[in-house]
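Encoded as structure tokens, the structure appears first; notes follow it.
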Amino acid sequence: MSHYVLVDCNNFYVSCERVFNPWLEGRPVIVLSNNDGCVVARSQEAKQLGIAMGEPFFRIKDLCSCRKVVVYSSNYQLYGDLSERVMTVVASMTQNFQVYSIDEAFVWFPSTMSSQEVVDRCVALRRRIRQWVGIPTSVGIAPSKTLAKIATKLAKKSASGVVDLSCPSLRREVLKGVPIREVWGIGARLEAKCHGMGVQTAWDFCEKNTSLIRRHMGIVGERMLWELRGISCLPLEEEAPSKKSISCSRSFGKAVEDQGTLAEALSFHVASACEKLRQQNSCARAMCVYAMAVIDSSTGGRRCFGTTVSFPSPTNNTPDAIYRAKEALSTWFCPGQRYKKCGVIMIDVIPETSVDPDLFVEEPSSKRRHILKTVDALNERFGKNTIFYGAMGVGREWQMRCESRSRRYTTCWDELAVVMAKGQ
DNA sequence: TCTGGGGTCCTAGGACCC
DNA sequence: TCTGGGGTCCTAGGACCC
């Protein structure tokens with residue numbers, strides 16, 4: 001039986017902040033979503049204060065100030081960079097691994113390795129991530145990904161930070177104590193369905209008849225069943241597949257009412273989306289351009305405006321896409337609305353290599369492609385938006401709130417950490 | 001005043017084809 | 001009298017994840 005391992009960074013965003021601000025250790029710390037909307041990461045101390053994941057910030061503002069909770073806006077450049085460093089360490093110590101999210105990686109070890117060898121490797125890996133990057137992790141080991149998820153959850157509460165669920169009898173005891181909602185893939189709806197079938201714990205689920213689960217929960221349910229029984233159905237995906245759609249959107253710091261500002265914000269998102277397309281060597285056949293307006297501030301009622309534009313030929317060309325987005329905007333823009341958010345979604349994304357040249361559309365010359373590559377390279381090297389299109393605007397007053405962002409210590413020359421030598 | 005952003009997979013049903 | 005069998009593609013909606 002081979003071994004699936006999940007390496008999960010503890011309270012990742014909070015841990016990133018603590019790397020550069022050690023005084024945050026032992027204190028309640030939270031990190032907010034974009035636009036300082038809601039809570040997306042909490043330190044252990046903040047969890048103990050009863051602050052829930054996803055809680056809107058304005059509701060706990062008072063609690064935070066009276067309990068001295070340290071509040072950060074999210075700093076994705078910092079988190080993204082530290083995530084890459086963690087993944088580099090994982091890659092250096094393992095053969096087969098999958099980056100699953102910004103703070104998680106699955107690792108696979110062959111059945112020729114004994115459980116003890118796997119545990120030893122995980123302990124070493126965990127120690128090295130902590131020492132080289134400064135991020136604490138929890139590691140779970142099991143015969144399937146779904147069980148490894150459960151093992152990792154237990155590891156968060158264990159002293160060693162590593163939990164091995166390879167032993168079937170141990171697994172049985174553990175699963176009896178795991179509520180079905182905590183199983184990977186069970187959300188609110190499926191939880192209710194499970195309760196309806198008399199399933200309360202992961203173990204209850206394991207004991208159900210396979211065809212019954214198949215009937216009620218489809219192929220997804222059956223896979224979960226086998227995974228929980230220790231038969232792996234979800235393989236390691238080492239190559240990140242290309243995205244089939246790419247979306248860029250943001251809420252505004254304050255409501256926007258004029259077309260010019262909306263056009264700037266949309267151009268900004270189009271530029272990000274095209275950059276992402278080029279990064280994965282893809283083009284989009286079409287693009288959805290939309291904005292949301294508040295129609296009733298008392299209920300938060302919203303109305304969505306938008307259109308889908310088909311490109312004459314699949315593209316990842318920023319200026320062309322900006323032109324089309326502005327054209328689209330003028331078809332649905334409605335004066336007097338208070339827009340709260342806007343964005344674009346690139347759809348029908350295909351590999352650049354499979355774009356057939358169109359006889360009737362002018363081919364983007366190699367010169368134009370070269371310009372885009374150069375822009376991307378400059379922004380990669382000197383920081384996001386070092387150079388950008390005029391259509392994206394300069395002041396960008398529409399940008400979201402991020403009132404308490406920490407410095408981008410590892411990605412911005414102007415924001416490096418400053419170390420003072422102690423005077424004599 | 002006030003609630004983020006970015007994705008994936010599966011299924012069912014309709015349209016259409018041979 | 002009386003209407004097959006097998007398949008694909010597309011879309012909308014549902015559910016979930018971090």
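Note on naming: letters A, B, ... go to the chains in the order of the sequence lines (proteins, then strands), and numbering restarts at 1 for each one.
Annotation: proximity of residues 58-73 of chain A to DNA chain B (heavy atom, distance under 4.0 Å) is found for Phe58(A), Arg59(A), numbered in ascending order. Of the residues in residues 261-268 of chain A, not one comes within less than 4.0 Å of DNA chain B through any heavy atom. Remark: nothing in residues 181-212 of chain A comes within less than 4.0 Å of DNA chain B through any heavy atom.
Here ring pair (Phe, Tyr, Trp, His ring centres under 6.0 Å) pairs that include residues 383-402 of chain A, with residues two or more places apart or in two chains, are Phe268(A)-Trp398(A). Note on residues 6-35 of chain A: pairs passing ring pair (Phe, Tyr, Trp, His ring centres under 6.0 Å), not counting sequence neighbours, are Tyr13(A)-Tyr76(A), Tyr13(A)-Tyr79(A), Phe20(A)-Tyr409(A).
Every ring pair (Phe, Tyr, Trp, His ring centres under 6.0 Å) that Phe333(A) has, sequence neighbours left out, goes to Tyr339(A). Applying the side chain to side chain contact (heavy atoms under 4.5 Å, CB included) rule to Arg223(A) yields the partners Ile219(A), Cys233(A), Leu234(A); only residues at least two apart in sequence or on another chain are considered. Every residue two or more places apart in sequence or in another chain that forms a side chain to side chain donor-acceptor pair (under 3.5 Å) with Tyr4(A) is listed here: Ser232(A). Under the rule for a side chain to side chain donor-acceptor pair (under 3.5 Å), Ser310(A) has no partner lying at least two apart in sequence or in another chain.
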note = Nucleotide by nucleotide, nucleotides 6-13 of chain B touches protein heavy atoms under 4.0 Å in the pattern (B base, S sugar-phosphate only, - none) SSSSSS--
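At dT3(B), none of the side-chain N or O atoms of Ser251(A) fall inside 4.0 Å of OP1 or OP2 (strictly under the cut-off). For dG5(B), one of the phosphate oxygens OP1 or OP2 lies less than 4.0 angstrom from a side-chain nitrogen or oxygen of Lys341(A). OP1 and OP2 of dC16(C) both lie 4.0 Å or more from every side-chain N or O belonging to Lys149(A).
A distance-only check finds no donor-acceptor pair linking the side chain of Asn21(A) to the backbone of Leu24(A) [under 3.5 Å]. A donor-acceptor contact shorter than 3.5 Å links the side chain of Arg171(A) to the backbone of Ser166(A).
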For residues 178-199 of chain A, dump all side-chain donor-acceptor pairs below 3.5 Å to protein atoms at least two apart in sequence or in another chain.
unit_1, atom_1, unit_2, atom_2, d
Arg181(A), NH1, Ile186(A), O, 3.0
Lys193(A), NZ, His216(A), O, 3.1
His195(A), NE2, Gln200(A), OE1, 3.4

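Across dC17(B) and dG4(C), the matching C1' atoms stand 14 Å from one another, rounded to whole Å.
Spacing between atom CD1 of Ile150(A) and atom P of dC17(C) amounts to 12 Å, rounded to whole angstrom units.
In summary, of the residues considered (Leu32(A), Val71(A), Val69(A)), a side chain to side chain contact (heavy atoms under 4.5 Å, CB included) with Val39(A) occurs for Leu32(A) alone. Paired with Asp376(A) under the rule salt bridge (charged side-chain N to carboxylate O under 4.0 Å, His left out), one option of Arg381(A), Lys384(A), Arg369(A), Arg278(A) passes, and it is Arg278(A).
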Dot-bracket line, read 5' to 3' along DNA chain C, where crossing pairs take [ ] and | marks a partner on another strand, Watson-Crick or G-U under 3.5 Å = ....||||||||||||||
